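I have placed the structure first, in the form of structure tokens, so that the comments after it can refer back to it.
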Number of protein chains: 2
Amino acid sequence: MKIAEVSEKYGLSPDTLRYYERIGLISTVNRKENGIRDYDEADLQRIEFIKCMRRAGLPIDVLIDYIGLVEQGDSTIEERKAILQEQRRLLVTRMEEMQQTLNVLDYKINLYDEAVLKKEKAMNRKIVKEAIAE
Amino acid sequence: MKIAEVSEKYGLSPDTLRYYERIGLISTVNRKENGIRDYDEADLQRIEFIKCMRRAGLPIDVLIDYIGLVEQGDSTIEERKAILQEQRRLLVTRMEEMQQTLNVLDYKINLYDEAVLKKEKAMNRKIVKEAIAE
DNA sequence: ACTTGACCTGGAGTTAACTCCAGGTGCTAG
DNA sequence: CTAGCACCTGGAGTTAACTCCAGGTCAAGT
């Protein structure tokens, strides 16, 4: 699969895909004779994983470490698990903070709703008053 | 309240507080005769709000817009509400993505748990075998 | 009087994560 | 055979959000 298709499929720009390879987040992708990248199934799986983790804000350097361990084989299983657990912990914390902010936003939006209603009521009273005055 | 106390109270560095003021996120803070910032209650409330929003990832330029509208008074209520609703929507989307990533992480951690168990079992079998062999 | 420490300013530097670009190669359709 | 893409590389530029720094003021303690 060529870079443009991969880019299309995962919504990552070709530049980003090459960048990920440069920094060692994706191990060197196979090339066709002419030097053009030809992503295989394993590459795609890795890209999907990276995309998922990045979307949630996991930092690239942590992912590089993790993937380095994956490549070292079974002896690193416990270390990898520890990394994921730590990142899971951080993720949950961030989500809790976001939930708090969401509550604040809802509270404020609700205040604005009420303010808008009050404004409208005042407007209506004014209209009625004027109608009576005529 | 001096900048060091505010910094302490909200966990934002003095540099960050001055930076927020420079870019117009906090309206100009009053000074004592000697030119030193003296944060009042309104400043603190604004800082708390900003901190809460920033923690959830709301971008600074959006907050600058929002706060500019707050300062323009009641005529901007609907516009402000629209901003908060839009940010709320984006926040929910991000949280949903994070939840998906959390599920993937849990799945992977679980796989590692099983892998570790298997490893241990194999180890135990080996030990038992050796014990019998003796 | 002098040192210390908190504060000030304007401006430069940093970090993460891309994103863009110039200059070059190589298939393919007209 | 040549025009037009899609691809390549190494390196530079960008963006958001800080963070740091040099050089200066000022009040308080010794």
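Atoms considered below: every heavy atom in the structure, side chains included; atoms not considered: hydrogens, waters and symmetry mates. The model shown is predicted, which means the values in this text are computed figures rather than measured ones.
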Looking only at atom types and distance, does a side-chain atom of A/T76 sit under 3.5 Å from a main-chain N or O of A/E79, one as donor and one as acceptor? no
Carboxylate-amine/guanidinium proximity below 4.0 Å for A/E48 and A/K9: no
Figure out the CG/P separation between B/L58 and D/dA16, and round it to whole Å. 15 Å
Strand contacts (DNA chain C) in residues 84-92 of chain B, 4.0 angstrom heavy-atom criterion: none
Do side-chain atoms of A/D38 reach the backbone of A/M1 as a donor and acceptor pair under 3.5 angstrom? yes
Let me know the distance between NZ of A/K32 and P of C/dT28, rounded to the nearest Å. 10 Å
Please state how far atom CE in B/M1 lies from atom C1' in C/dA6, giving the value in whole angstrom units. 16 Å
Are A/Y107 and A/Y112 an aromatic pair, judged by ring center distance below 6.0 Å? no
Indicate yes or no: does A/D106 engage B/R88 in a salt bridge with an N to O separation below 4.0 Å. yes
Between the protein and nucleotides 25-29 of chain D, list every N/O to N/O distance that falls short of 3.5 Å.
none

Pair B/Y66 + B/F49: ring centers closer than 6.0 Å: yes
Please confirm whether B/K51 makes a cation-pi placement over B/Y20, using NZ or CZ under 6.0 Å from the six-membered ring centre and within 45° of the ring normal. no
Please give, in whole Å, the distance from C/dA17 C1' to A/I50 CD1? 14 Å
So, does A/T16 get its side chain near the phosphate of C/dA17, meaning an N or O under 4.0 Å from OP1 or OP2? no
Filtered N/O pairs between nucleotides 7-12 of chain C and protein, under 3.5 Å:
{"from": "C/dC7", "atom 1": "OP1", "to": "B/A4", "atom 2": "N", "distance (Å)": "3.3"}
{"from": "C/dC8", "atom 1": "OP1", "to": "B/R37", "atom 2": "N", "distance (Å)": "2.9"}
{"from": "C/dC8", "atom 1": "OP1", "to": "B/R37", "atom 2": "NH1", "distance (Å)": "2.8"}
{"from": "C/dC8", "atom 1": "OP2", "to": "B/R18", "atom 2": "NH1", "distance (Å)": "2.6"}
{"from": "C/dC8", "atom 1": "OP2", "to": "B/R37", "atom 2": "NH1", "distance (Å)": "3.4"}
{"from": "C/dC8", "atom 1": "O5'", "to": "B/R37", "atom 2": "NH1", "distance (Å)": "3.4"}
{"from": "C/dC8", "atom 1": "O3'", "to": "B/R31", "atom 2": "NH1", "distance (Å)": "3.4"}
{"from": "C/dT9", "atom 1": "OP1", "to": "B/R31", "atom 2": "NH1", "distance (Å)": "3.3"}
{"from": "C/dT9", "atom 1": "OP1", "to": "B/R31", "atom 2": "NH2", "distance (Å)": "2.8"}
{"from": "C/dT9", "atom 1": "OP2", "to": "B/R37", "atom 2": "NH1", "distance (Å)": "3.1"}
{"from": "C/dT9", "atom 1": "OP2", "to": "B/R37", "atom 2": "NH2", "distance (Å)": "2.8"}
{"from": "C/dG11", "atom 1": "N7", "to": "B/R22", "atom 2": "NH1", "distance (Å)": "2.9"}
{"from": "C/dG11", "atom 1": "O6", "to": "B/R22", "atom 2": "NH2", "distance (Å)": "2.9"}

Phosphate OP1/OP2 of D/dC18 contacted by B/Y20 side-chain N/O (<4.0 Å): yes
Nearest heavy-atom contact between A/L105 and B/L84 is CD2-CD2, 3.9 Å
Starting at atom CG of B/D61, determine the distance to atom P of D/dC18, rounded to an integer number of angstrom. 12 Å
Approximate separation, where rounding is to 0.5 Å, of B/S13 OG and B/E8 CD: 12.5 Å
Nearest-0.5 Å distance, CD1 of residue A/I64 to CD1 of residue A/I23: 4.0 Å
Whole angstrom value for the distance that separates P of C/dA17 from NZ of A/K51: 17 Å
Between atom CG in A/D65 and atom C1' in C/dA16, what is the gap in whole Å? 15 Å
Is it the case that the side chain of B/T101 and the backbone of A/M53 share a donor-acceptor pair, with hydrogens and angles ignored and the cut-off at 3.5 Å? no
On the nucleotide C/dC18, are OP1 or OP2 found under 4.0 Å from the side-chain N or O atoms that A/S13 carries? no
Once you round it to whole Å, what is the distance between C1' of D/dT15 and CD1 of B/I60? 12 Å
